Visitor: 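Supplied in structure tokens, the structure appears directly below.
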Amino acid sequence: MKDPTGLLNRGSIELRWTFRFALVMLIVVLGMAYYQFTLVTLRIRSDALLLMHLQAREILEAAERSPWRSSSRDELIAYIDQHISSAESELELGIRLLDDGGQTLLSRGSFLKYEIPGRDSFPTTNKGELLRELDVGTTNHFIVMATPLDVGWVEVAIDDSRFAESLSEMRNRFLISLPIASLITAFLSWVLARGSLLPIVRMTELARRISASELDDQLPTTGSGDELDRLAETLNEMIARVRGGVESLRGFANNAAHQLRTPISRLSIRLEAARLAERDPAADQELIEAAQRDLERVSRAITGMLRLAESDAGLPPGRRHAIDLGPLLAGAVEFFEPSASEGEVELVANTDVEAKVSGDTDWLTEMISNLLDNALKATPAGGRVTLNLSRNEDEAWIEILDSGPGFWLAAGESESHFRLIPADDPSTSNRKQAEVRLGLGLPLAQKIAHAHNGSVAVEPRADGGSRALVSLPLI
Amino acid sequence: MTKDGISLLYVEDDPEACEFVRTALESHGFQVDVAHDTVSGLALASDREYGLLLLDVLLPDGSGFDLLRQIRSIGIESAVIFLTAQGEVNHRVEGLDLGADDYLSKPFAMAELLARIRAVVRRRLGHPSDDVLRLADLELDIQSHKVTRGGCHIDLTPKEFSLLQYLLENAGSAVSRSMITERVWGIGFGGYDNIIDVHMARLRSKVDRSFPVKLIRTIRGIGYTLEAPSDAPS
């Protein structure tokens with residue numbers, strides 16, 4: 001692929017998300033398994049205890065029915081034997097009767113089969129059920145419950161290795177299934193991660209296509225207003241800004257080339273002609289002065305380019321102050337008034353409005369100067385240029401109207417790009433056309449307004465001439 | 001004249017431009033030392049006392065702004081003019097904020113540089129604290145904002161008054177159109193020379209038209225000067 005870095009980055013996000021999802025899922029699965037395991041263990045143990053308790057109770061009742069000291073002792077033994085034999089053999093049920101001193105009176109079942117040691121002593125008061133666990137031999141693990149009789153004790157023993165076996169079997173099964181569960185979890189996590197990244201991948205591909213097709217496309221939006229839609233809208237806005245920038249740069253570069261080439265080629269012709277001609281001090285002097293004028297034009301064009309680039313970067317922090325627009329505009333009008341009246345253009349200003357904006361005096365003065373200069377140059381003798389300041393609650397508007405028809409103005413595809421078209425009107429002198437064609441002032445004014453969070457809109461007026469409207473946010 | 005004996009330090013990395021400017025300045029009576037980078041510039045500046053420093057902003061081993069900071073930090077308060085081929089307004093503001101006296105964009109005309117050097121030196125030397133500026137029979141009262149010539153009152157707009165005051169403060173020296181734009185109108189960007197010409201024409205019609213002796217003189221390729229015809233410039 002063309003862009004291995006992009007792929008890697010995408011891959012790593014997918015990997016990270018997969019890992020995160022998998023980790024969360026595994027923690028949940030392990031937690032649930034542990035909870036289940038503990039629950040089952042407790043359950044099995046309480047089952048065993050209940051079983052022993054029931055056994056003890058039955059022996060107890062039987063002993064009460066036929067006291068073992070009496071002649072019915074054999075009857076009791078038979079009852080116990082029958083009881084043991086009816087129990088599951090795996091349980092290794094054993095029953096033992098003891099006197100108060102702990103001496104064995106009777107042993108049946110596992111008590112006969114294995115050597116299960118008795119208790120060291122039995123409490124004489126506070127009689128209650130007593131539990132102990134002990135290993136017998138290598139394979140058997142007995143739980144022994146001693147229950148008090150009115151005289152002596154009955155001990156019930158069961159081998160719990162069966163329960164232990166089923167528990168360990170459960171554990172084994174779980175351990176075997178753990179890697180499989182992990183694999184499934186990882187796969188599901190990857191599917192999840194990929195699924196959530198898919199729209200971004202799609203958007204990346206679209207964005208790449210757009211940059212390849214010179215910013216003419218837009219990312220599709222669904223109108224749902226979800227996160228991705230907002231991202232797409234943001235990207236579209238960005239693309240529009242970049243497109244505006246590229247367009248104005250292109251227009252600017254053409255313009256700059258024109259402005260630089262004209263004087264440079266003229267200069268080159270002059271020098272060439274002078275080199276071939278006979279030396280003549282008067283002609284040389286003339287040539288030098290003309291060359292200086294050409295160089296000055298070149299220098300001015302470069303200055304203009306620098307200003308445009310500078311204002312494109314925005315207003316530097318620390319250059320914002322509260323500025324009263326009224327006096328600033330009045331000052332600019334005062335600056336231009338003499339040259340307007342010399343050109344027999346009436347310059348009218350209505351700036352008596354209280355409007356404060358945040359910005360830089362130099363920049364705003366330059367913006368207004370450019371717009372006024374353009375308007376004056378476009379207006380032939382006998383015309384009129386009007387500057388109006390007005391406001392509402394949030395915005396200040398500076399309207400500059402000229403009576404033209406010095407030039408027509410065609411807005412470019414985006415607002416930030418203007419083209420100036422000299423009107424094909426005999427009343428416009430060649431000088432004016434040439435100057436208007438330079439047209440750096442308008443893009444510069446636009447950029448300065450942008451740097452102040454405002455805008456400049458320029459449109460032709462129905463009766464000729466044009467109208468520039470600057471809007472700036474008030475403070 | 002004030003220009004005589006003024007010593008200048010010129011820090012500029014282009015040796016050709018350096019030599020040309022040095023020759024031109026010396027022919028106008030300045031003593032010029034040159035340095036080609038900030039290190040030798042700083043060494044020279046701390047070694048000798050200069051009336052004026054001409055600093056290029058872009059130097060091979062740093063910026064002229066940094067050089068000025070260093071020079072100021074060792075207590076040297078000489079006047080400073082920055083010369084630059086870089087961007088306009090922002091750099092100009094940065095330079096002036098650092099305590100430079102003026103700022104000139106390349107390419108510049110020698111006449112423009114000379115006019116600015118003289119204006120800066122004159123400003124540094126200080127004006128007589130007079131409230132009234134005089135030239136021949138022209139009088140300008142800063143306090144009462146009144147201008148008279150040969151005893152006749154001349155009615156000026158506030159800007160025309162500032163313009164005349166600026167010319168009077170630099171009487172005998174040329175001031176360029178861009179100097180007028182910057183100092184009188186406070187506009188830090190050029191390109192309005194023709195408009196300055198119109199303003200000057202208006203001022204001229206008020207100050208000179210009805211008098212036989214003309215005080216305002218146009219200097220070709222530079223701008224204007226205000227002088228009494230008797231003390232013509234050298």
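A note on names: the letters A, B, ... follow the listed sequences, proteins ahead of strands, and every chain is numbered from 1. Predicted model, so just to flag it, every value in this text is computed and none were measured.
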Visitor: For the CD atom on Glu77(B), are there more than 12 heavy atoms of other groups (residues, nucleotides or ligands in this structure) within a distance under 6.0 Å?
Guide: yes

Visitor: How about CZ on Phe20(B), more than 12 heavy atoms from neighbouring residues, nucleotides or ligands closer than 6.0 Å, or not?
Guide: no

Visitor: With rounding to the nearest 0.5 angstrom, report the OG to CD1 distance, Ser339(A) to Ile196(B).
Guide: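 Here the rounded value is 10.0 Å.
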
Visitor: Are more than 12 heavy atoms from other residues, nucleotides or ligands located less than 6.0 Å from atom CZ of Arg72(B)?
Guide: yes

Visitor: Atom CG of Asp362(A) and atom CD of Glu182(B): how far apart are they, to the nearest 0.5 Å?
Guide: 9.5 Å

Visitor: Mind checking whether His199(B) and Phe335(A) have parallel, tilted or perpendicular rings, split at 30° and 60°?
Guide: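 Parallel: the ring planes of His199(B) and Phe335(A) meet at under 30°.
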
Visitor: Kindly compute the distance separating CG (Asp193(B)) from CD (Glu296(A)), expressed to the nearest 0.5 Å.
Guide: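 Separation between the atoms: 7.0 Å.
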
Visitor: Flag yes if more than 12 heavy atoms outside Asp97(B) fall under 6.0 Å of its CG atom; otherwise flag no.
Guide: yes

Visitor: What pairs with Glu272(A) under salt bridge (charged side-chain N to carboxylate O under 4.0 Å, His left out), at least two apart in sequence or on another chain?
Guide: Arg275(A)

Visitor: Let me confirm one number: the CG-OH distance from Leu372(A) to Tyr192(B), rounded to the nearest 0.5 Å.
Guide: 8.5 Å

Visitor: If I measure from the heavy atoms of chain B, does Glu334(A) come under 4.5 Å with its side chain, its backbone, both, or neither?
Guide: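 Answer is both: backbone and side chain atoms of Glu334(A) are under 4.5 Å from chain B.
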
Visitor: Look at Arg220(B) together with Glu289(A) and state whether they make a salt bridge at an N to O cut-off of under 4.0 Å.
Guide: yes

Visitor: Report yes or no: do Ser341(A) and Arg202(B) form a side-chain donor-acceptor pair below 3.5 Å?
Guide: yes

Visitor: Return the set of residues passing ring pair (Phe, Tyr, Trp, His ring centres under 6.0 Å) with Tyr10(B) (not counting sequence neighbours), or none when no residue passes.
Guide: none

